[in-house]
Structure formats: structure tokens, C-alpha cells
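Just so it is clear, the structure is predicted and the values come from calculations on it, not from any experiment. Within every chain, numbering begins at 1; the chains are lettered A, B, ... in the order of the sequence lines, protein sequences first and strands thereafter.
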Amino acid sequence: MRRVAIVGAGMTSFGEHFSLGIKELVPMALSEAIASVDKGFKRSEIGAAWMGEVGATDGHAAGILADSCGLLDIPVTRIENACATGQDIIRQAIYAIASGYVDVAIALGADKVRDTSSSATFWDWMGLTRDMAWDFPLGLVAPANFALHVSRYLHEAPATREHLAMIAVKNHFHGVKNPKAQLRSEITIEQALNAPMVAEPFGLYDCTPQSDGAACVILVAEEHVAKYTDRPAWVRGFGLGIDRIMHQHKKDMTTFPCTVKAAKQAYAMAGLTPKDIDFAEVHDCFTGVELITYEDLGFAPRFEGHKFVESRAHYVGGSKPINPSVEIFEQLRGESHNQIDNPRIGMAHNIGGPTAACGITILGKERG
Amino acid sequence: VITLGASSPLFAIAALIDAGRSGLVGASEQAAFSAANVDVAGSSVRRRQQPAQAPVKRKQTPGTGVKISLAAYDRAFEAKVRWQAGKCNKCGTLAMPPRFHCLGCGADDSWEYTPLPYAGTVYTTSTIHVPVPSLESPYTLAVVECDDVDVRVLMHVTDVPPGSVKIGERGKLVLRRVAMRSGVPDYGYAFSPDVPAEGKSGGAK
């Protein structure tokens, strides 16, 4: 398999982009990615594109990417794999380059969550990822989907709602410095604990806001990397894990087996262990998901995620920053607003759907 | 007197017996109408029903509700409303809902319905406070482990105020109307916790 590296990355800010449609967000992300390529890049060099979109806004997703970006002469494919969609388009692009099908590919993810009313958005999305007779009608909305796991986790592990609040405080703190973050204000543990309840044990600050945005990476084959940059982010490993799609069929809800499976694949491919990961962007749709994921990724022993939280190792400046809140590509190049001290290996993790899909990518400063 | 719902003929007959009045009971459903002449002489009513409770303050989101797939509803009906799992003809593994490919041995399309127990234990639970179309918030979901069989089912918690059930609590599985969708009542089994009558809200009748 040919080795693959990321030579450019771009993203829009995340928020309620009422004035920007998907046909604006998509080309904005690509243009920023192209501008980030050190030695210059022409869009005519792109051999194939993957478009990630979970919902569907303004029509045919692959066509929207091709049309809005002026990429009408290459193959474009839309992928949907719940919240692991963005990871999966990168995986598809790596497959295409590694196999020799193309030398240069882009993976571009975009969603317009806020084009419907906030009360309807995630309910509409549930229809895409739930059983229409058994789950959807009962009101298994996104927070409940994850809350059922975290309730059981808090029942079995020593962690408490305070630990969830500590994660919300940390992620808000990191977000303040990120000009592309949707929420840029610090909160306190008391605010998090006293916030209105959404789905027990999640209060308002345990939950993700609803965001519009787009992001794009440019991936190239090993022998072409030097033409574009001397500072690439090398793909060291990746994985995609799947689990049973109904909660009643998940034997142990204190863990996410799809994450464990994806991590196993990615670590094996990279020849790395959890200790080797300098920092990670972990899916934090809900605080408790981040907490369980520390254990599933091997950053903390089972049922000891709360100790990892108490140690503050997960802050920028700690031994294993989690969600420093800017792209891994920028961190590895030393260009982040929340820069970690000389990181070598970064990991990106996403989990979604009925807690049934997880994608992981490990990137390195060195080829490895 | 007119009553509504699938159980209304039973309530009508019970009301006649309570009043000591024989008479005609009619029941209609869409285009069908049945009638029975009820003689109450020598009959008595033995009730096994929850004491009446004070209503819980809950809100339903205004709007058009959620879309429903009548085909999906129909496919699930036997298992969901008759409370029956699929039992593999090859290895005996139970699946709820029934499924084409056996969870245990992988046999394809070889199963029959088998009744499920009507009692179980809460494995995990969450109470949802945000508004959700077609449902009244707050409402409580639970993944319930059925007694004696290796089957868990996601269901609503009923008969107690939202948020009052705990992991590990035992209860009965009872048929309830979960919601109305596009004018169609959606029935399914729900978890009714075993708590002393005085522990449930409201006074006994």
C-alpha cells in the first residue's frame, strides 16, 4: 500500500450560518485547504473527491461538491456513516490513493444542521439513524441515545456528574482560543451542574450545540508530498468500527465496542499504543461520551476515566490534551491557536448513529 | 355512555355490573360494530388496576408530529403488541424484535414467535426533558432485562412520575398506548415499576 499524507486542510467557522448555504460552505472549506498548501496547489490536480454529509440540504450532495467547487471532471462520491462520516470520507480517499487509483484526492465534509428549526433538527436526523418501528417512535433522540450508556456507566463506575461537568468546563476553556469554535466562553462547574436538564444525566452544558460548517483535507501519495509541502501530516493508521444498532442488543453499555474495534485497527496499522498518542480530538457530542471514550481508546484504565479527568492531563499543557479545539493538521505543524508543545502524533475520533459507528485516524509529524 | 379506546368495552361491562343494570353494550371500530346483551345477575367485578394518580405536568410540542411508516408499524405489530420474540428453530436463541439472521447461530429465516415474560429489571434509563414531537415531555426510557430470558427491550416507563425509576428496579411489562401518530394509536409494552401503592403519586380510588 502506498503511504498517504495530508498536505492541506481548511474549515469554515462553526455556528448558525443562516446566511450561508451548503453551496457556500463547501467551496469555502476547499479554498481554505488549497490556500494552506505551502508550495501551491491547483484544483485541477485533484483526481477524486469524497463528500461527507449526514443530512441532505439543497439536494444531491456529490453534485453540490462538484458543481460548487468547479470539479466537474472527476469522480465524486457522497458517503454517510453517521457522525463517523468525516472519518469515513478520509478513509475512502486513503484507499483510493494507496491503491494507486489516484495520486491526489480530497475529503470534504459539510452539514447544514440549522436549516431547520432547532426543535426539529435532531428529531429529523433521528429518522436517518433509528429503527422506524422500535426506536424512533419511543423518542430515542440523540441525547437519550448516549444518555442510556452514560447512566449505566455512572451506575457501575466511580465517576459522577461532576466529572461530566469538568469535561464541559475543559472543552469550553479550550474553545475560547479557537476563532472557529461556535461557543467561545468559559463556564464553571456550578453552571454546568445547575443547567436545565436535557436527557438525564445530561444537562445543557453536557450537550453539543447544533452547528453548520464544512471542513476539507487534501491527501496525496507519498511520492508527490514534497511537491506540495515539507511539513505534511502523515496518515499513520485508521480504523472504522461498527456495533449492534439497537441498544437492547448492546451487552455492556459502559463501553462503545465500535470505538474499541476502530482503535484496535488504527493502533495496529500505525504500530502505536495509546501511550504514543500526544493529543486527541475525541468526539464530544456529550461529555459522558468523551469520558467513556478515554477508556475505550486506552488513555485511562477501565472505570478510571474520572481519575484522568481529575488529573487535568486532558488540558493543553497536560500529558494528554483532549480536544485542544483546533485541527490536528495545524497542531502537528505548530500553527494552532491552542498549540501543544511539539506534538508528534495526534488522533481524531468520532462516534455516532445509534452508538454504532466509530471512525479513527492517527496522524504523525513523521512518516513512521 | 360513550368511552374510547381498545379497553372501553371492558370498562362498559364493569360499569353495568357496578350499577347492577343489565343492558346492551355496543362497540364500534371503523366500519365494524358489535353488540352484546349483558345480563349482570350474579356477576361481580374484581379489579386489578393501578390506583388513580395525580396527573404529571407534561408538555406536548405543537406541530405536525412525526412521520410514521405504516409498513414498518405493521411489520413490528405482532412482536410489539402481542409481546412475542422470535425464537430460532435451529438453536433456540430469542431475538426481540424477531430477525432474519439468528443472533446465536446465524441461521437464516427460521424462527417462530414465542411469548416473552411480563416482568423484568431496569438495566439503564434516561429521562428526556426536551420537547420531542408526538410525545409528552418529560418521559422516561429504559432498557429492561426480561426475567429468565436473555432479552432486553427499550421501552417507556409508565405508572410513575418521569425520572423516578432507578437502575436495578423491578417491574411489570404492561401494554400501553405510547403515542398517537397521524391519528393512529401506537401501542407497545412499557415498564411499570413494582413500588408500593403509596409510593406512587396520587390517591387510591
Which answer fits [X], side chain, backbone, both or neither, if we ask what part of it has an atom under 4.5 Å from a heavy atom of chain A?
{"X": "B:Leu135", "value": "side chain"}
{"X": "B:Asp74", "value": "neither"}
{"X": "B:Val130", "value": "both"}
{"X": "B:Met96", "value": "both"}
{"X": "B:Ala95", "value": "neither"}
{"X": "B:Thr127", "value": "both"}

Open item on the list: In this structure, is the centre-to-centre distance between the rings of A:Phe202 and A:Phe146 below 6.0 Å?
Closed with: no

TODO: For each of B:Ile167, B:Val178, B:Asp186, B:Leu103, tally heavy-atom pairs with chain A at distances under 4.5 Å, and name the one with the top tally.
DONE: B:Ile167

TODO: State whether the side chain of A:Asp212 and the backbone N or O of A:Phe18 hold a donor-acceptor pair below 3.5 Å, judged by distance alone.
DONE: no

TODO: Please report the closest heavy-atom contact between A:Ile189 and A:Val169, naming both atoms and the distance.
DONE: N-CG2, 3.6 Å

Open item on the list: I want to check something: taking the side chain as every heavy atom from C-beta on, are B:Pro97 and A:Gln248 in contact at a cut-off of under 4.5 Å?
Closed with: yes

TODO: Report yes or no: is the cationic atom of B:Arg152 (NZ for Lys, CZ for Arg) under 6.0 Å from the centre of the six-membered ring of B:Tyr123, at an angle within 45° of the ring normal?
DONE: yes

